[in-house]
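Okay, so here's the structure we're looking at.
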Amino acid sequence: MAKKNAGLVGYLYVVGLALVVIGCFLPLTTHFGGNANGATAVNRISKGGLLSVGAVLALAGAVAGLVCSFVRVKNGRLLKLVALALSIAGGLYVACNINGNQLKLLKLASKITSSSFGIGFYIILVGWILALVGWLLKRN
C-alpha cells in the first residue's frame with residue numbers, strides 16, 4: 001500500500017502542471033468581457049509587450065515541466081523545479097503588473113460590475129500548489 005501511495009505522489013506534479021496548462025485556456029477573469037482567457041486578456045492589455053512575455057513564460061514553464069516529467073534527463077528533479085519556478089514567476093509577473101498598475105481601477109470595476117476571477121485563475125493556482133507539493137514530496 002505504501003508503494004502505491006508513493007507512486008500517486010509522483011503524479012501530483014504532472015497533474016498540477018496539466019491544470020496550469022488547462023487553466024491558461026479557460027476564463028481567467030470577468031474583467032475583460034466575460035470569457036477572456038490568458039491570451040486574450042494579455043493581448044487586450046499589452047498588445048505584445050512584456051505582459052505577453054510573462055504569460056508565455058507561465059505557459060511554457062508548465063509545458064517544460066510536463067516534458068521533463070516524461071523524458072528522462074540527468075538533472076530531472078532540478079529541471080522540474082526550474083520549470084515550475086518559471087511558470088510561477090511568469091504568472092506572478094503578469095498578476096503584479098496588471099494589479100499593481102491598475103489595482104484601484106480593477107477594484108472599482110469589480111464593485112460596479114460585480115465581476116470576479118474566473119475558473120481558469122483558480123485552476124492555475126490549484127495547479128501550482130499541487131505541482132509544488134508533488135515536487136516536495138517526491139523522493140527521487
Side-chain angles (χ1 to χ4, degrees):
M1 183 74 175
K3 201 160 189 118
K4 186 180 257 189
N5 287 340
L8 291 176
V9 169
Y11 290 116
L12 281 178
Y13 181 83
V14 173
V15 169
L17 288 183
L19 285 175
V20 171
V21 171
I22 291 169
C24 286
F25 297 104
L26 294 176
L28 295 176
T29 181
T30 57
H31 292 294
F32 299 106
N35 36 330
N37 58 21
T40 57
V42 170
N43 256 349
R44 289 182 185 176
I45 293 171
S46 69
K47 299 292 183 196
L50 288 177
L51 289 179
S52 295
V53 174
V56 168
L57 190 62
L59 181 61
V63 170
L66 285 172
V67 169
C68 286
S69 295
F70 294 110
V71 175
R72 188 176 289 272
V73 290
K74 186 175 182 181
N75 293 325
R77 183 160 166 79
L78 179 64
L79 288 176
K80 287 179 184 179
L81 178 64
V82 169
L84 179 60
L86 286 175
S87 176
I88 292 172
L92 289 178
Y93 179 76
V94 170
C96 289
N97 280 328
I98 290 174
N99 291 335
N101 293 337
Q102 302 171 356
L103 184 59
K104 291 181 183 179
L105 180 64
L106 287 178
K107 284 184 179 179
L108 179 65
S110 177
K111 286 181 183 178
I112 291 172
T113 63
S114 65
S115 60
S116 61
F117 290 111
I119 189 72
F121 175 78
Y122 296 112
I123 287 178
I124 289 173
L125 286 180
V126 168
W128 283 338
I129 292 169
L130 281 177
L132 186 61
V133 167
W135 186 85
L136 289 173
L137 294 179
K138 184 77 174 170
R139 294 181 191 252
N140 52 6

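Starting from 1, each residue takes its place in the sequence as its number.
In the hydrophobic clustering of this structure, Leu125 groups with Val20; members are Ile, Leu, Val, Met, Phe, Trp, Tyr whose side-chain heavy atoms approach within less than 4.5 Å, directly or through other members. Under the 4.5 Å side-chain contact rule for hydrophobic residues, Leu66 and Phe25 share a cluster. Cluster membership check: Leu78 does not share its hydrophobic cluster with Phe70, using side-chain heavy-atom separations under 4.5 Å among Ile, Leu, Val, Met, Phe, Trp and Tyr. If you chain together hydrophobic residues whose side chains sit under 4.5 Å apart, Leu132 and Val21 fall into the same group.
Nearest heavy atoms, Gly16 versus Leu130: CA-CB, 3.9 Å. Cys24 approaches Ile124 most closely through the heavy-atom pair N-CD1, 3.8 Å. Contact detail for Leu17 and Ala62: the closest heavy-atom pair is CD1-O, 3.7 Å.
Sequence neighbours left out, not one pair with a member in residues 58-72 passes side chain to side chain donor-acceptor pair (under 3.5 Å).
Note: Leu19 CG to Ile129 CD1 = 11.0 Å, rounded to the nearest 0.5 Å.
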Under 3.5 Å, which donor-acceptor pairs do the side chains of residues 80-89 form with other protein atoms, sequence neighbours left out?
residue: Ser87; atom: OG; partner: Ala58; partner atom: O; Å: 2.9
residue: Ser87; atom: OG; partner: Trp128; partner atom: NE1; Å: 3.0

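No donor-acceptor distance shorter than 3.5 angstrom exists from the side chain of Trp135 to the backbone of Leu12, with no hydrogens or angles considered.
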